[in-house]
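Reviewing the structure listed below.
Computed from a predicted model, the values in this text were never measured in an experiment.
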Amino acid sequence: MTTNTSGAAQPVQGRPLLPKDYGVPESDEGTLPWPWAVERIEQARNYWFCTTRPDGRPHAMPAWGAWVDDAFYFDGSPETRRGKNLAQNPSIVVHLESGDEVVVLEGEAHLVGKPERAFAEKLAAALGAKYGPTYVPTPDTWDQGGLYVVTLKVAFGWDSFPTALTRWRF
């Protein structure tokens with residue numbers, strides 16, 4: 001991971017390994033910059049969350065979230081299927097709805113606990129601005145838990161497959 005001029009951590013950018021007949025270019029020319037992915041993550045309204053049930057079966061469900069301070073956050077009761085799955089296995093995949101401008105995040109999701117007031121206000125403002133009257137959290141929304149942050153390990157994205165196919169490693 002590198003840092004940019006603002007000091008924010010930047011992932012290492014390159015190509016994923018795919019069979020040769022997929023046509024992925026051998027050079028990194030044409031890959032997408034990480035800010036391209038962040039912009040799409042910030043603008044997305046719905047995200048698909050993929051977790052693993054305790055018996056190993058996959059579970060996918062759409063939900064809401066927000067990119068704040070260089071991290072992806074979402075909330076939900078630990079009693080949901082997603083919450084129960086994450087309690088057993090924190091591995092998660094989050095992807096956007098679009099199959100044309102693709103961003104897929106892989107990592108681990110962990111409960112944050114009660115966030116500090118200033119951050120809770122910032123996150124509540126981001127979620128409220130995105131989801132409006134349908135979802136207007138307050139800084140006290142997460143007093144009882146249910147706030148998760150995704151620690152990224154790898155992400156993938158493209159707006160033209162396979163020429164722009166990009167992997168970011170964290």
Side-chain angles (χ1 to χ4, degrees), residues 1 3-4 6-12 34-158 166-170:
M1 191 163 335
T3 56
N4 64 16
S6 70
Q10 296 293 298
V12 175
W34 178 240
W36 176 92
V38 169
E39 180 179 340
R40 277 136 192 90
I41 296 164
E42 288 173 336
Q43 293 174 354
R45 179 170 172 81
N46 301 304
Y47 306 86
W48 281 90
F49 293 82
C50 305
T51 59
T52 305
R53 297 172 190 263
D55 66 3
R57 291 181 299 135
H59 177 261
M61 192 67 61
W64 293 343
W67 183 266
V68 177
D69 290 349
D70 294 320
F72 185 76
Y73 292 86
F74 64 93
D75 64 2
S77 170
E79 298 303 313
T80 63
R81 170 49 43 208
R82 179 179 64 226
K84 290 177 181 180
N85 292 349
L86 292 170
Q88 294 291 313
N89 178 351
S91 296
I92 192 166
V93 173
V94 180
H95 68 84
L96 311 184
E97 289 182 305
S98 176
D100 296 317
E101 289 192 333
V102 175
V103 178
V104 179
L105 308 174
E106 294 183 6
E108 292 187 350
H110 297 280
L111 282 166
V112 172
K114 182 178 178 179
E116 291 190 25
R117 182 99 186 156
F119 179 76
E121 288 174 359
K122 186 175 188 177
L123 181 58
L127 289 164
K130 185 183 276 194
Y131 301 110
T134 306
Y135 179 74
V136 182
T138 68
D140 300 321
T141 298
W142 304 289
D143 281 354
Q144 303 302 312
L147 178 62
Y148 295 82
V149 62
V150 176
T151 302
L152 295 177
K153 294 187 176 191
V154 66
F156 302 91
W158 65 86
T166 306
R167 174 186 59 203
W168 299 278
R169 289 183 186 183
F170 297 83

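- With contacts defined as side-chain heavy-atom distances shorter than 4.5 Å, the pair Y131/R45 qualifies.
- Without hydrogens or angle criteria, K130 side chain to G65 main chain gives a donor-acceptor distance under 3.5 Å.
- Atoms CZ and OG1, on F156 and T166 in that order, are 10.5 Å from each other to the nearest 0.5 Å.
- Closest of all the heavy-atom pairs between A37 and W168 is CB-CH2, 3.8 Å.
- Taking 4.0 Å as the cut-off between side-chain N and carboxylate O, R57 and D55 count as a salt-bridged pair.
- Interatomic distance, W48 CH2 to M61 CE, rounded to the nearest 0.5 Å: 7.0 Å.
- One distance of note links CH2 of W36 with CD1 of I41; it measures 9.0 Å at 0.5 Å rounding.
- By the 4.5 Å heavy-atom criterion applied to side chains, T141 and L123 are not counted as neighbours.
- Contact between V154 and R167 at its shortest, heavy atoms only, is CG2-CG, 3.5 Å.
- Rounded to the nearest 0.5 angstrom, E101 CD and R40 CZ are separated by 4.0 Å.
- Looking at Y135 and D75, their side chains come closer than 4.5 Å, going by heavy atoms from C-beta outward.
- Between Y73 and F119, the ring planes are tilted. Angles from 30° to 60° get that label.
- Atom OG1 of T138 sits about 7.5 Å away from atom CG of D143, to the nearest 0.5 Å.
- Atom CD of E106 sits about 10.5 Å away from atom CZ of F170, to the nearest 0.5 Å.
- Proximity of L152 to P11: side-chain heavy atoms (C-beta onward) are nowhere separated by under 4.5 Å.
- The heavy-atom pair separating E108 from I92 by the smallest distance is C-CG2, 4.0 Å.
- F49 and F74 have their aromatic ring centers within a separation under 6.0 angstrom.
- When only modelled atom types and interatomic distance are considered, S91 and N89 share a side-chain donor-acceptor pair under 3.5 Å.
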